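These numbers come from a predicted model, not from an experiment. Computation of the quantities below employed the complete heavy-atom set of this structure, encompassing side-chain atoms and omitting hydrogens, waters and symmetry-equivalent molecules.
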Amino acid sequence: LPPLLLQETLQSSSSSSSQQTLPNMARILDIIQQKLVNPTTAPPLRIAVVGGTFAEGEGCSLASVSVPEGSSMANPTFCAWPYRLQAFLNKFMGSNSNSNNNNHVEWVQIINLSEEGTDTGFMIPLVRNWIYPKALLPHGPDIIINAYGRYDYETYGEASPTNLKETIQSELSTFVRAVKSSHPCGTTPMIIHMADTVEQQLSPLDDVFSIHYQKAFDRAMQADRQKDFAMAGHMAMTWVLAFGALEAALRHCQTTTTSSKDVVASAVVPEENCKDPSTGDPSCPFAFFASPQGTVTRVTEFQKYLKPYTTSNNGWEVLSDMGTGWSRKTGLVAISAGAQMVLQIKNITKEVRYFHLMTLKSNVEPWRTGKVRFRVAILVPGKENQAPLETSFEIDGSHVTKSQDPEHITHHYNMDFDTHKAPIGSDIMISLELVEGTNFKVLGLMLCS
């Protein structure tokens with residue numbers, strides 16, 4: 001790290017965070033304490049990063065970074081700031097990340113769930129319904145860092161410039177509520193919010209630790225003579241987060257008594273026989289999310305998941321290609337005009353109220369001219385002689401953007417069945433029909449309570 005860049009970043013980082021103490025800090029310190037006592041058996045501190053272009057690895061194409069065996073990072077170049085933060089924190093705790101020694105201790109594990117072409121709204125159903133990669137299961141993350149910036153919301157394009165501020169604030173507040181409600185049988189993950197604009201300020205009632213990094217980022221860009229988010233940006237983000245968290249930890253230690261009594265008091269004691277996804281009681285009887293950090297990551301794995309539910313298929317295939325980005329390489333793809341597919345989920349074991357869908361949108365062929373009609377039918381037990389509850393809607397593959405370069409996003413669509421929710425024991429049928437164009441890609445589909 002160039003000395004000038006480090007100096008400029010540290011000068012700004014001291015004022016980058018608000019004067020807050022981190023919520024749940026006692027529990028976080030307890031996890032680290034347990035790791036100190038039992039370094040080989042206690043789990044590491046698990047941090048999930050959600051974000052868009054920069055958190056996934058924008059500007060990392062020229063980096064030369066070794067890829068550790070078995071790493072869980074989503075960014076294929078392994079130079080994005082989440083990976084660098086993991087390496088920094090582990091070395092700070094005395095671990096050698098390049099060691100092949102069996103005594104190697106991993107203090108912190110950061111799972112990067114970031115995907116360019118997404119916004120906070122994309123992550124809400126995933127965190128609410130515990131749709132996490134295996135590395136975070138069954139107990140979920142201890143900390144969630146929301147690193148979506150203004151650029152991600154603008155690129156996604158769902159909000160006009162006039163209501164961008166309202167969209168950002170609404171999605172962030174909904175995200176916080178989703179995280180807090182996702183784990184009733186355990187402790188709510190700590191939420192850290194990386195804010196680059198005033199539009200991303202949250203109410204103090206949201207109980208979120210916010211780090212305002214734009215000043216540090218700008219000074220780092222100037223020091224490195226860069227105009228865009230490149231290697232200097234990833235270095236600056238690493239230092240800002242590390243020192244921001246350290247400042248908050250020091251404030252916590254200065255204002256509270258770190259006795260064992262305080263640590264125990266911070267833990268949540270769940271109700272007897274409590275059930276949630278962490279106890280093996282998923283909230284979604286049917287759910288897939290195709291992504292390097294999704295529920296299905298490989299073609300064969302995806303095919304195996306769909307097979308029991310597929311009643312008919314003509315022209316849809318599970319394919320993988322890098323043409324629409326690393327995070328969207330695998331999907332359920334319509335490969336010919338008029339492609340049709342029917343999925344049937346029989347005798348659901350959990351009430352279903354919400355339908356979540358994620359699809360590819362693009363400004364280039366063949367994706368932008370595709371359009372699919374989705375039909376959802378619910379057959380309620382005991383009412384077999386009545387017409388099923390049914391709804392239909394269409395989604396096109398066109399992404400409207402001012403950019404002349406190829407641009408792809410992951411579109412998210414959510415439906416609330418409300419009073420028409422499917423009770424336990426119902427059968428749900430989902431049909432997909434390509435009504436325009438020759439190609440369309442489905443990345444995720446979830447039926448949840």
Side-chain angles (χ1 to χ4, degrees), residues 23-24 27-28 31 43-50 72 74 109-115 118 120-146 174-191 267-297 301-302 304-306 308-309 343 345-358 412 414-417 421-426 428 443-449:
N24 298 330
R27 185 178 66 88
I28 299 302
I31 293 172
L45 180 69
R46 294 191 174 96
I47 302 173
V49 175
V50 301
S72 59
Q109 183 182 23
I110 297 183
I111 294 86
N112 192 356
L113 308 180
S114 305
E115 295 191 9
T118 64
T120 293
F122 157 79
M123 286 302 308
I124 289 172
L126 298 177
V127 299
R128 176 187 289 134
N129 297 293
W130 220 249
I131 308 298
Y132 288 130
K134 293 178 181 178
L136 286 172
L137 297 177
H139 302 298
D142 303 304
I143 300 173
I144 297 180
I145 300 175
N146 186 315
T174 304
F175 175 82
V176 171
R177 292 195 299 271
V179 172
K180 290 184 176 182
S181 65
S182 66
H183 195 195
C185 295
T187 306
T188 301
M190 176 192 294
I191 304 173
V268 173
V269 180
E271 297 179 3
E272 188 176 359
N273 299 321
C274 181
K275 293 183 179 181
D276 73 2
S278 72
T279 66
D281 186 43
S283 60
C284 305
F286 177 83
F288 69 79
F289 172 47
S291 165
Q293 292 291 0
T295 62
V296 287
T297 59
E301 185 181 19
F302 198 171
K304 183 178 179 181
Y305 182 82
L306 290 177
Y309 305 105
L343 301 171
I345 301 90
K346 297 182 178 181
N347 191 23
I348 58 174
T349 57
K350 179 78 69 172
E351 179 184 79
V352 169
R353 175 173 172 173
Y354 299 99
F355 177 95
H356 303 293
L357 179 67
M358 299 170 182
H412 48 86
N414 306 294
M415 180 187 296
D416 182 356
F417 295 145
K421 56 190 174 185
I424 294 174
S426 299
I428 300 179
L443 302 165
L445 198 161
M446 291 160 271
L447 299 173
C448 305
S449 60

Taking side-chain hydrogen bond (donor to acceptor under 3.5 Å, both in side chains) as the test, write out the residues that go with [X], two or more places apart.
X	answer
S426	none
T174	R177
E351	none
S182	none

With a 4.5 Å cut-off on side-chain heavy atoms, are [Y] and [X] touching?
X	Y	result
E115	S291	yes
M446	Y354	no
L126	M358	yes
S283	W130	no
T295	Y305	no
K350	P282	no

| message | For N129 versus P125, what's the shortest heavy-atom pair and its separation? | response | ND2-O, 2.9 Å

| request: Taking all non-hydrogen atoms of both residues into account, name the closest pair between I348 and I424 and its distance. | output: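 Smallest interatomic distance, heavy atoms only, reads O-CG2, 3.5 Å.
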
| field | Residues in side chain to side chain contact (heavy atoms under 4.5 Å, CB included) contact with K275, at least two apart in sequence or another chain | value |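 Partners of K275 by the side chain to side chain contact (heavy atoms under 4.5 Å, CB included) criterion, ordered by chain and then number, come out as T279, D281.
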
| said: My understanding is that only residues two or more places apart in sequence, or in another chain, count here; which of them pass side chain to side chain contact (heavy atoms under 4.5 Å, CB included) with P133? | reply: I111, L113, L136, Q293

For [X], what residues pass the salt bridge (Lys or Arg N to Asp or Glu O under 4.0 Å) criterion, not counting sequence neighbours?
X	value
R353	D416, D418
D142	R27
K346	none

| request: Any pair with a residue in residues 131-141 that passes side-chain hydrogen bond (donor to acceptor under 3.5 Å, both in side chains), sequence neighbours left out, goes on the list, sorted by first then second residue, please. | output: none

So how far is it from [X] [atom1] to [Y] [atom2], rounded to the nearest 0.5 Å?
X	Y	atom1	atom2	value
M190	I144	CE	CD1	11.5 Å
I428	L447	CD1	CG	5.0 Å
L357	L443	CG	CG	9.0 Å
T120	N146	OG1	CG	4.0 Å

| task | Sequence neighbours left out, what passes ring-ring contact (aromatic ring centres under 6.0 Å, His included) with F122? Give chain and number order. | result |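 F122: ring-ring contact (aromatic ring centres under 6.0 Å, His included) contacts with F289.
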
| Those residues that, when tested against F417, pass ring-ring contact (aromatic ring centres under 6.0 Å, His included) (two or more places apart) |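 So F417 forms no ring-ring contact (aromatic ring centres under 6.0 Å, His included) with any residue.
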
